[in-house]
Amino acid sequence: RTPMNAILGLLEWLDQTELSAEQASVLAHVRQAGNELLGLLNDVLDFSRNESRLLRLSLQPTDLVELCEHVAAVHWSKARSKRLQLRLNLDPTLPALMALDPHRVQQVLHNLLSNAIKYNKWGGKIDVSLSLSKEQAVITIADNGIGMSKEKMKHLYTRFFDGDYRKQNMPGTGIGLSLTHDLVKLHHGDIQCESQEGEGTTFTITLSIRKSAYAPDEIDNSEKTNAV
């Protein structure tokens with residue numbers, strides 16, 4: 001990851017210099033591609049660590065509402081380029097802070113939201129909802145895109161299964177949803193998918209929000225945290 005971060009750092013510096021409109025546009029596309037490549041590298045590395053049972057959660061007091069808003073903002077330009085409506089429905093009664101691994105939750109949301117945009121129709125819509133059920137946060141990402149067949153859904157979380165599970169000539173690595181599934185499970189949560197071809201897809205995930213739900217060996221204590 002170090003060489004990739006160095007490249008992105010140089011691109012960020014270049015963005016602060018005086019550029020023509022055409023140069024700025026090209027640079028924006030290069031930075032976006034670089035960030036997507038870094039995300040893929042992170043997924044591969046985390047996948048490898050999880051296979052070796054080395055992946056642990058770094059639980060921190062996390063503002064899940066703010067985190068969801070941040071992830072949505074990152075994907076806003078992609079959604080706008082397809083004229084998609086991206087709507088957030090956030091329960092204002094949610095606790096201000098929850099014991100979560102913010103980096104891992106962001107990975108989950110980025111993967112699901114990226115797919116919702118990628119496999120949506122021009123002018124479609126995406127609804128991201130956040131609520132609370134007992135001691136778990138409930139996040140739902142629903143789109144009215146192309147959907148999936150029941151046969152494809154059988155392999156949804158299979159490692160290295162054809163990443164283009166909706167068959168739109170958009171090849172993937174077959175890692176994203178598998179890693180998403182594993183990260184949700186690490187949070188003592190669950191992930192469910194409902195989909196119908198031509199109608200859309202809805203992913204619903206639950207995440208435990210209390211540190212007391214985790215065993216000591218499930219938590220990365222390399223950095224002291226004050227998770228709730």
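Positions are given from 1, in the same order as the sequence printed here.
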Among L183, T62, L100, find the residue that satisfies the side chain to side chain contact (heavy atoms under 4.5 Å, CB included) test when tested with L207.
L100
Non-hydrogen atoms of S58 and P102 that approach each other most closely
O-CD, 4.0 Å
How far does CE of M98 sit from CD of Q60, to the nearest 0.5 angstrom?
14.5 Å
CD1 on I146 to OG on S195, rounded to 0.5 Å
8.5 Å
A side-chain contact here means heavy atoms from C-beta on lying under 4.5 Å apart; do L186 and L57 qualify?
yes
Considering residues at least two apart in sequence or located in another chain, which fulfil the salt bridge (Lys or Arg N to Asp or Glu O under 4.0 Å) criterion with D15?
R31
Sub-4.5 Å side-chain heavy-atom contact between F203 and I191:
yes
I need the minimum non-hydrogen distance between L97 and P61, along with the two atoms involved.
CD1-CB, 3.9 Å
How close do G198 and K121 get, heavy atom to heavy atom, and via which atoms?
O-NZ, 3.0 Å
Checking N111 against T180: is there a side-chain donor and acceptor pair closer than 3.5 Å?
yes
Whether T206 side chain and G189 backbone form a donor-acceptor pair below 3.5 Å:
no
So, taking the atom named CH2 in W122 and the one named CZ in R83, what distance separates them when rounded to the nearest 0.5 Å?
5.0 Å
Can I get a per-line list of side-chain donor-acceptor pairs under 3.5 Å for residues 126-141, giving both atom names and the distance, sequence neighbours left out?
| unit_1 | atom_1 | unit_2 | atom_2 | d |
| --- | --- | --- | --- | --- |
| D127 | OD1 | R87 | NE | 2.8 |
| D127 | OD1 | R87 | NH2 | 3.2 |
| D127 | OD2 | R87 | NH2 | 3.0 |
| S129 | OG | N89 | ND2 | 3.4 |
| E135 | OE1 | R210 | NE | 2.9 |
| Q136 | NE2 | H188 | O | 3.1 |

In the structure I gave you, are the side-chain heavy atoms of L86 and L113 within less than 4.5 Å of one another anywhere?
yes
Can you name the side chain to side chain donor-acceptor pair (under 3.5 Å) partners of S77, sequence neighbours left out?
none
In terms of side-chain geometry, is the basic nitrogen of D190 or K185 positioned less than 4.0 Å from the acidic oxygen of its partner?
yes
Can you list the residues that meet the side chain to side chain contact (heavy atoms under 4.5 Å, CB included) rule with W13, with sequence neighbours excluded?
T17
Could you tell me whether a side-chain N or O of E66 sits under 3.5 Å from a main-chain N or O of D63, the two making a donor and an acceptor?
no
Applying side chain to side chain contact (heavy atoms under 4.5 Å, CB included) to A215 and not counting sequence neighbours gives D217, E218
Y214 (side chain) donor-acceptor with H187 (main chain) under 3.5 angstrom
yes
Can you tell me how far the CD atom of E18 sits from the CD atom of Q23, to the nearest 0.5 Å?
9.5 Å
Whether over 12 other heavy atoms sit under 6.0 Å from E69 CD:
yes
For the hydrophobic clusters of this structure (ILVMFWY residues joined by side-chain heavy atoms under 4.5 Å, transitively), does one cluster hold both L112 and W76?
yes
Does Q16 have any side chain to side chain donor-acceptor pair (under 3.5 Å) partners at least two apart in sequence or in another chain, and if so, which?
none
So which heavy atom on N144 is nearest to which on G124, and how close?
OD1-CA, 3.5 Å
Could you walk me through whether R56 and D101 pass the salt bridge (Lys or Arg N to Asp or Glu O under 4.0 Å) check?
CA-CA 9 Å; R56 301 287 184 271; D101 184 327; over 6 Å; no
Assess whether side-chain contact (heavy atoms from CB on, under 4.5 Å) is satisfied between D143 and N115, documenting all intermediate values.
CA-CA 10 Å; D143 67 67; N115 281 342; over 6 Å; no
Do T204 and E194 make a side-chain contact, defined as non-hydrogen atoms from C-beta onward lying under 4.5 Å apart?
no
Backbone N/O of A79 and side chain of S81: donor-acceptor pair under 3.5 Å
no
Just how far is it from atom CD of E199 to atom CD of E197, taken to the nearest 0.5 Å?
10.5 Å
Identify the heavy atoms of A116 and N120 that sit nearest to each other, and give their distance.
O-CB, 3.1 Å
Count I, L, V, M, F, W, Y as connected when their side-chain heavy atoms are under 4.5 Å apart, and connections chain through other members. Are V74 and L67 then in the same cluster?
no
Can you list the steps and then say if L27 with L19 is a side-chain contact (heavy atoms from CB on, under 4.5 Å)?
CA-CA 9 Å; L27 179 59; L19 301 170; 3.6 Å; yes
H70 vs H110 aromatic rings, parallel, tilted or perpendicular, using cut-offs 30° and 60°?
perpendicular
Nearest 0.5 Å, what's the NE2-CG distance between H75 and L109?
8.5 Å
Are there over 12 heavy-atom neighbours, none belonging to K125, within less than 6.0 Å of that residue's NZ?
no
